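Since we're looking at a predicted model, the values are computed, not measured. Counting starts at 1 for both ligands and their atoms, in listed order.
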Amino acid sequence: MVLFHGDCRDLLPLLHADAIIADPPYQQTSLRWDRWPTGWLTAAAQCTNSLWCFLPLRQFAMPPFRGREFAAAGWRLSQDLEPDLDTEHDHWTWAKHNGSGFATDRFRRIHETATHWYRGPWSSIYHDVPSVAGQPRPPAATIAHRPQPPHTGRIGSAGYTYGPTRLARSVIYARSEHRTGIHPTQKPLAVLDLLIRYASPPGGTVVDPFAGSGSTGIAARAAGRHAVLIESDERSCDRAAHWLTSR
Ligand SMILES: C[S@@+](CC[C@H](N)C(=O)[O-])C[C@H]1O[C@@H](n2cnc3c(N)ncnc32)[C@H](O)[C@@H]1O
């Protein structure tokens, strides 16, 4: 495990990893560290071809259209997950520091969005989809007579998997780190564990360019992966170092 104190844009081109797990500043608050580091996606492309990134959908679909920066750096979207953070207060620090910036006339947003990006051929990207306990196959007669939805036409059997296991679903339920975390936007270890195992082989290496609390390091170690962490804020770096060495 390595923890660097520095700017990820300087360090990423010097590193090599199976995957990056990134939780960049969204630039939504007045917090000192909450500034989008322009150019980090290009630096990330010099480090790996596989990238998980926590970023709300709004950041892609509305100005500043972050999706353009991903495309410009050669990143292609493979999928999105919704870690559903079971809490009233997941964004408590944002609300506290920039309460007026958060809508009170829309559905209360309780989820995060994590997107996976890749470069080069998909077949060259390590990815291991987790399986969970499956469901029994319904009787053949039920399948044969099941009406097909008119708007989709005939759905092939590839869409459904019956048997002892099935693919894990894209919505992940995890408790937030509110009150227990050491960083205001700390991500749950249970979510990080899934992203790390999906994108890196056992014994492989993940890089977290925005380490915050060091949570990716804790999750990577528990999953049997190496981790290289980068954090530009000195106080956060100190706290992360303490957490990483105390467990
Ligand atoms: C959203 S937080 C990450 C929280 C982390 N995922 C966790 O679970 O604790 C983003 C972090 O990136 C750091 N940061 C901001 N710009 C950076 C840069 N250019 N290089 C490295 N770290 C940076 C901030 O100080 C902040 O701690």
Side-chain angles (χ1 to χ4, degrees), residues 1-15 17 19-47 51-56 58-59 64 66 69 73 81 83 85 87 89-98 101 111-115 172 174-196 199 206-223 227-244 246-247:
M1 171 99 59
V2 182
L3 169 62
F4 288 111
H5 174 220
D7 190 313
C8 66
R9 290 168 291 187
D10 299 331
L11 293 162
L12 281 170
L14 309 176
L15 302 170
I20 286 178
I21 312 290
D23 181 16
Y26 302 164
Q27 200 161 320
Q28 285 189 326
T29 73
S30 58
L31 291 176
R32 187 170 33 89
W33 54 262
D34 192 14
R35 294 287 165 271
W36 177 263
T38 302
W40 78 269
L41 286 159
T42 306
Q46 295 174 63
C47 170
L51 164 69
W52 278 112
C53 184
F54 290 94
L55 203 60
R58 194 179 178 83
Q59 294 260 337
R66 299 289 185 214
E69 294 179 47
L81 297 185
L85 303 179
T87 177
H89 307 290
D90 179 48
H91 297 156
W92 62 276
T93 302
W94 298 348
K96 184 174 159 195
H97 288 265
N98 191 15
H111 66 276
E112 295 275 353
T113 303
T115 46
I172 303 163
R175 285 206 71 79
S176 88
E177 298 294 333
H178 175 61
R179 293 215 175 99
T180 51
I182 60 170
H183 190 283
T185 62
Q186 188 167 323
K187 294 296 171 286
L189 297 180
V191 173
L192 295 169
D193 177 73
L194 284 172
L195 307 190
I196 291 167
V206 294
V207 168
D208 184 342
F210 307 104
S213 63
S215 52
T216 297
I218 302 278
R221 185 162 59 198
V228 179
L229 313 175
I230 308 169
E231 172 55 53
S232 62
D233 180 70
E234 193 171 356
R235 267 182 48 198
S236 296
C237 213
D238 281 346
R239 282 200 208 119
H242 185 260
W243 191 31
L244 290 162
S246 67
R247 277 179 60 128

- prompt: With respect to Thr216, which candidate in Asp23, Leu189, Leu229, Asp193 satisfies the side chain to side chain contact (heavy atoms under 4.5 Å, CB included) definition?
  reply: Leu229

- request: For atom 20 (N) of ligand 1, find the nearest protein heavy atom and state the residue, atom name and distance (0.1 Å precision).
  value: Cys8 N, 3.0 Å

task: Taking only heavy atoms of Ser215 into account, list the atoms of ligand 1 that are under 4.0 Å away from them.
output: 7 (C), 8 (O), 9 (O)

field: For atom 15 (C) of ligand 1, the protein heavy atom that lies nearest, with its residue and separation
entry: Pro25 CG, 3.5 Å

query: Would you call Lys187 and Glu112 a side-chain contact if the rule is heavy atoms closer than 4.5 Å?
result: yes

query: Given side chains that start at C-beta, do those of Trp52 and Asp208 come closer than 4.5 Å, heavy atoms only?
result: no

- prompt: Which residue owns the protein heavy atom closest to atom 11 (C) of ligand 1, what's the atom, and how far is it?
  reply: Glu231 OE1, 3.6 Å

- request: Identify the protein heavy atom lying closest to atom 14 (N) of ligand 1, giving its residue, its atom name and the separation to 0.1 Å.
  value: Ser232 OG, 3.4 Å

query: Above 12 or not: heavy atoms from other molecules or residues under 6.0 Å from CZ of Arg35?
result: yes

field: Residue part near ligand 1, for His183, under 4.0 Å between non-hydrogen atoms
entry: side chain

message: Checking the N or O distance criterion of under 3.5 Å, is ligand 1 in contact with Arg35?
response: no

message: Just so I know, are the side chains of Phe54 and Leu81 near enough to count as touching, which here means a heavy-atom distance under 4.5 Å?
response: no

Ligand 1 contact by Pro184, heavy-atom criterion under 4.0 angstrom: no

- prompt: Quick one: nearest non-hydrogen protein atom to atom 19 (N) of ligand 1, plus distance?
  reply: Asp7 OD1, 3.1 Å

query: Mind checking whether His5 and Ile230 have side chains closer than 4.5 Å, heavy atoms only?
result: no

- line: among protein heavy atoms, the one nearest atom 1 (C) of ligand 1 is Thr185 OG1, 3.0 Å

- request: Please could you name the atoms of ligand 1 that Gln186 approaches to less than 4.0 Å, counting only its heavy atoms?
  value: 7 (C), 8 (O), 9 (O)

query: Would you say the ring centroid of Phe210 lies under 6.0 angstrom from that of Trp40?
result: yes

message: Any atom of ligand 1 sitting under 4.0 Å from a heavy atom of Gly6?
response: yes

Shortest reach to atom 26 (C) of ligand 1 by a heavy atom, considering only Trp243, Phe54, Trp36, Trp33: Trp33

task: Check whether the ring centres of Trp243 and His183 lie less than 6.0 Å apart, and answer yes or no.
output: no

Side chain, backbone, both or neither: Ser213 near ligand 1, heavy atoms under 4.0 Å: both

task: Give the numbers and elements of all ligand 1 atoms closer than 4.0 Å to a heavy atom of Asp233.
output: 25 (O)

task: Find out whether Ile21 and Leu192 are in side-chain contact, i.e. whether some heavy atom of one side chain is under 4.5 Å from a heavy atom of the other.
output: yes

Donor on one side chain, acceptor on other, Asp7 and Ser232, under 3.5 Å: no

query: Which residue holds the protein heavy atom closest to atom 10 (C) of ligand 1, what is that atom called, and what is the gap in Å?
result: Asp23 O, 3.4 Å

Which residue and heavy atom of the protein sit nearest atom 3 (C) of ligand 1, plus the separation: Phe210 O, 3.3 Å

